[in-house]
Amino acid sequence: MSWVLDNLDVIAGYTGAHLVQALPPILLAFVLSLPLAKLANSRGWLRTGVTTTSGLMYAIPSLPLFVLLPGLIGTGVRSPLNIVVALTLYGLALMVPTASDGFRSVSRDVLGSATAQGYAPAARFLAVELPLAGPVLLGGVRVVAVSTISLVTVGGVLGVPSLGMLFVDGVRRGIVAEIAAGVVATAALALLTDALLVMLGRLLMPWHRGREAGRP
Amino acid sequence: MNENPFLGALDWLADPMRWSGPSGIPVRTAEHLGYTALGVLVAALIAVPVGLYVGHTGRFKGLAVGAAGVARALPTLGLVTLFALLVGIGLTAPLLAFVTLAIPSLLAGAYSAVESADPATVDAARAQGMTEWQILTRVEIPLGMSLLVGGVRGATVQVVATAMLAAYVGSGGLGRYIFQGLGSQDYPQMIAGSLLVIVLALVLDLALLLLQRLTAPRGTVAP
Amino acid sequence: MSIHSTRRHLLGVLGAGGLALGAAACGSSDPFEEEDGSGGDSGSGSSDGGGSGAAIAIGSQAYYSNEIIAELFAQALEAEGLTVDRQYQIGQREVYMPELESGALDVLPEYLGNLLQHYDSEAVSATPEEVHSALAEALPDGLRVLDFAEATDQDSYTTTADFASAHSLTAIGDLAGVDEDLTIAANSEFEVRPYGPDGAKEVYGVDVSVVPVEDSGGPLTVQALVDGDVQLADIYTSDPAIAENDLVVLEDPESMILPQNVVPVVSEKIDEAAADAIDAVLAELSADDLVELNRRSTVEQQSSADIASAWLSEKGLV
Amino acid sequence: MIGFENVRKEYPGGTVAVEDFSLEIASHEAVALVGTSGSGKTTLMRMINRMVDPTAGRVHIDDEDVAAMDPVVLRRSIGYVMQASGLLPHRTVLDNITTVPVLRGTAKGEARERARTLMDTVGLDPDLADRYPAQLSGGQQQRVGVARGLAADPNILLMDEPFGAVDPIVRDELQGELQRLQRELRKTIVFVTHDIDEAFRIGDRVAILRPGGRIAQVGTPQEILADPTDDFVASFVGADRGARTLHVEHVDGRDVVVDADGRAAGVLAGADGRLGDGGAADGDAAAGPGAEALATEERPR
């Protein structure tokens with residue numbers, strides 16, 4: 001425990017670095033998944049392809065991907081960009097099928113009536129389709145957020161600064177408190193982000209308030 | 001041998017020497033499968049009864065949802081290293097981490113399987129004189145079986161992709177190729193190990209998807 | 001073609017990326033600069049306030065012992081009135097060597113044998129002096145190594161006192177007489193190192209198989225040995241756990257294991273005054289000193305900054 | 001015989017579903033509990049098989065307090081038919097009907113044999129035996145529900161708006177079938193509905209409930225129609241609207257029954273007794289819009 005108190009600045013520094021790597025992939029996965037999901041929904045075979053690719057992506061172990069990606073995209077192993085790209089790919093693998101389901105869950109009748117009221121396609125998407133798919137999208141983003149924040153730690157094995165460094169350093173020095181601090185800080189970061197997303201959802205989708213039963 | 005590490009990985013895999021002996025691909029694959037099965041099984045022994053209980057009674061739902069959320073948020077690498085420092089090398093530490101990893105999916109599967117049964121159907125079963133156990137085993141589980149298998153499927157794919165961490169603390173599995181390749185900059189070997197993990201994950205995913213389809217109760221699928 | 005050329009190819013790509021990162025790491029807007037600093041430099045007065053052009057960038061491996069040595073250099077240079085920029089806990093040699101070559105890093109503590117192997121994977125074992133002069137040849141233009149310390153941190157075949165006395169073991173070669181299957185806990189790359197199972201077989205006629213434990217001879221490896229999960233372990237010779245657990249490092253009379261004396265690799269930015277300050281530190285750094293420094297980190301859980309300043313004042317270096 | 005003695009049901013949170021309810025139901029009698037939603041009629045019925053336990057008071061069957069009985073054994077001895085049938089979607093028609101006998105330990109073969117007989121009794125084509133519920137029409141599902149309720153040959157049959165989810169023509173058929181069955185089987189039936197015409201058609205006696213399970217009036221349909229106790233009952237049975245105030249007009253040599261609004265409600269039966277059903281059917285004929293009743297009556301059978 002005294003290790004934690006003596007090294008609060010170290011933990012804080014790693015937490016900052018952790019967030020810098022975790023937040024862009026969460027945001028990117030969400031934004032990119034929308035057009036990809038719309039595209040996938042436009043053709044049956046595309047949808048099958050997207051689902052299959054997503055399953056394939058998610059089966060790739062993260063550590064080798066972190067090591068290999070630089071060779072493919074030309075970033076450095078220790079570059080946060082590398083981690084951001086890899087985690088965006090994992091995020092998309094989770095998010096695109098969810099977004100595709102979300103858009104499919106929007107009733108055709110509602111969309112038809114929106115068109116009948118004179119919504120142009122873009123306006124209809126932003127004002128009707130996106131909000132109605134919102135609850136499903138939020139569920140997807142929550143899963144992506146928690147999983148991404150957890151996966152960032154793997155970069156620690158390669159020396160990319162994040163809370164994962166505490167695991168690698170802790171196991172070498174035999175300091176249990178250091179590893180435990182990394183585990184707790186990572187989980188807290190994930191749960192805090194999740195709670196913020198839920199709050200954001202309530203703010204943006206007041207009509208949905210109280211209906212969302214958390215998924216176990 | 002090949003300049004490109006990805007083609008090098010294929011050369012590595014094509015070498016017949018890799019396919020025999022105690023550190024050969026069949027043995028490592030079997031170990032990997034064994035760790036995965038053991039992790040999912042132990043997690044299922046914990047999560048499925050709890051999920052069925054929560055789904056059937058509706059009690060402790062908030063607690064179960066919260067616990068699963070926390071388990072989901074725990075970084076597996078941290079758990080492996082933490083448990084390893086506490087219990088030493090071997091299978092125990094990674095297994096504990098895999099169990100933690102698998103529990104949320106299994107809990108969600110079991111819980112939503114039971115909850116998915118139409119309340120009117122359950123009510124009718126109770127009114128006819130089924131005991132709570134009979135309602136669970138003859139109505140709720142058969143009706144939700146595919147969701148339950150879906151939970152097993154999710155947990156299995158997650159654990160199989162993570163089971164490489166067993167090699168971090170002294171056990172075998174396909175992670176041996178990945179860590180050895182990483183440590184000695186033998187990237188073809190590392191990629192080959194990763195490819196084997198991916199193939200294994202996809203095969204298991206497909207097999208469980210098939211099982212999921214088969215366990216969907218007849219009568220509930222539109223004719 | 002061999003695996004090695006494949007490796008070089010990939011490393012080339014990695015290196016290019018590292019270069020880009022190195023350039024970025026110099027800019028004050030890079031969010032990782034601070035993180036790198038705080039990663040190891042907890043609490044001590046780091047003086048990165050000076051212009052980045054004047055500051056000496058000191059790097060370290062993601063290894064607590066290496067970070068302590070880097071911190072010794074940092075504080076010694078600061079005592080000379082120089083400005084230093086700490087960039088500790090960089091994961092891999094494939095990442096930081098290109099940064100040294102590009103000038104993004106100026107000083108990094110290294111180990112004789114490992115550094116030579118990075119440039120020449122065929123390197124065979126030799127005396128520290130021979131490795132040192134081979135290194136001078138192998139290093140690319142713009143980089144050089146200063147004098148090496150007595151302190152060494154090399155791989156070893158280590159066993160418990162009980163096992164050693166039960167089988168009358170003093171040297172690695174004695175293992176040939178042990179009538180049971182031998183396993184050694186080590187990082188998985190030990191398998192393919194020249195001093196790994198193949199080397200032991202070739203040089204000493206000893207059969208061992210590797211149980212991989214990826215903590216680089218850390219507490220898990222030690223515990224596996226003490227618990228009897230394995231008979232041998234590859235534990236770095238500077239590890240205080242060897243003395244604490246009454247472990248026996250088997251002798252290596254044939255010098256199968258590369259010498260790993262601490263040696264700083266530096267860029268052209270290190271002038272003679274700076275080099276003298278670093279040399280002064282290493283001249284004092286005995287093998288026992290390094291063990292003691294490590295003990296303060298693992299057992300007493302002190303930060304590298306505190307450990308370094310205490311040792312430097314004990315030795316009268318600052 | 002089923003008896004309610006001053007039962008009360010209060011839910012946690014203070015909602016009172018039933019305030020104070022007492023009623024005796026004789027053996028072999030069909031009693032319809034009718035009321036709007038919130039009248040507690042379903043709650044009352046579910047007290048009989050202990051799907052709901054009263055907060056106060058007691059329910060007894062043949063002078064035995066149900067609170068002392070094992071709920072599972074009790075439920076297996078009582079037939080239960082509910083809205084949308086509540087069939088198990090993953091079991092075939094035959095398996096659904098044999099559920100309770102099998103739970104009670106009847107041999108499977110024997111239970112199936114009886115189930116086939118029951119299918120015939122409720123007018124189900126035997127070819128449907130191996131279908132799943134989702135493959136049946138709404139009316140067929142309800143028939144399976146009734147057969148299932150009868151499968152263990154219970155003395156008591158509880159029916160919770162069993163025909164509420166089917167279209168009017170099928171409902172009319174099912175009501176007719178139930179009347180026929182009841183003439184043969186003579187069960188004690190408690191029938192919950194919000195449809196007063198259905199209540200009048202099925203019930204030997206009808207209990208009209210106000211919110212909170214308070215009885216507005218109990219009696220035979222004739223008694224209630226002849227003498228509604230208050231405005232609530234009069235309004236409920238439609239007497240105040242004149243829908244029940246019928247008079248006869250002569251049209252083309254036949255006697256047409258017309259309601260207070262002048263809408264035709266039916267044709268008066270001649271001396272040949274063409275109108276087959278009893279008194280309850282008169283209520284039925286008066287039920288819907290008159291023109292429809294007329295058309296139904298004149299439809300060739």
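Within every chain, numbering begins at 1; the chains are lettered A, B, ... in the order of the sequence lines, protein sequences first and strands thereafter. Just so it is clear, the values below take in all heavy atoms, side chains as well, and ignore hydrogens, waters and symmetry mates.
The line from CG of A:L166 to CG of B:L77 is 11.0 Å long, rounded to the nearest 0.5 Å. Atom CG of B:L86 and atom CD1 of A:I179 lie 8.0 Å apart (nearest 0.5 Å). From B:T162, atom OG1 reaches atom CG of A:L151 across 8.5 Å, with rounding to the nearest 0.5 Å.
Looking at B:L82, the atoms closer than 4.5 Å to chain A (heavy atoms on both sides) sit in the backbone and in the side chain alike. Interface residue A:I175: only backbone heavy atoms are found under 4.5 Å from chain B. Of the atoms belonging to A:I149, not a single heavy atom falls under 4.5 Å from chain B.
Between A:P64 and B:I178, the closest heavy-atom pair is CG-CG2, 3.6 Å. Taking all atoms of both residues into account, the shortest heavy-atom contact from A:S150 to B:T76 is OG-N, 4.3 Å. Heavy atoms only, all atoms of each residue included: B:P75 and A:F167 are closest at CG-CZ, 3.6 Å.
Between B:L74 and A:T186 the shortest side-chain heavy-atom distance does not fall below 4.5 Å. A heavy-atom distance below 4.5 Å is found between the side chains of A:P61 and B:I198. Side-chain atoms of A:L63 and B:F179, non-hydrogen and from C-beta on, do get closer than 4.5 Å to each other.
Per-residue heavy-atom pair counts under 4.5 Å with chain A were compared for B:V80, B:I191, B:L165, and the maximum is reached by B:I191. Ranked by heavy-atom pairs shorter than 4.5 Å toward chain A, the options B:A161, B:G181, B:G62 are led by B:A161.
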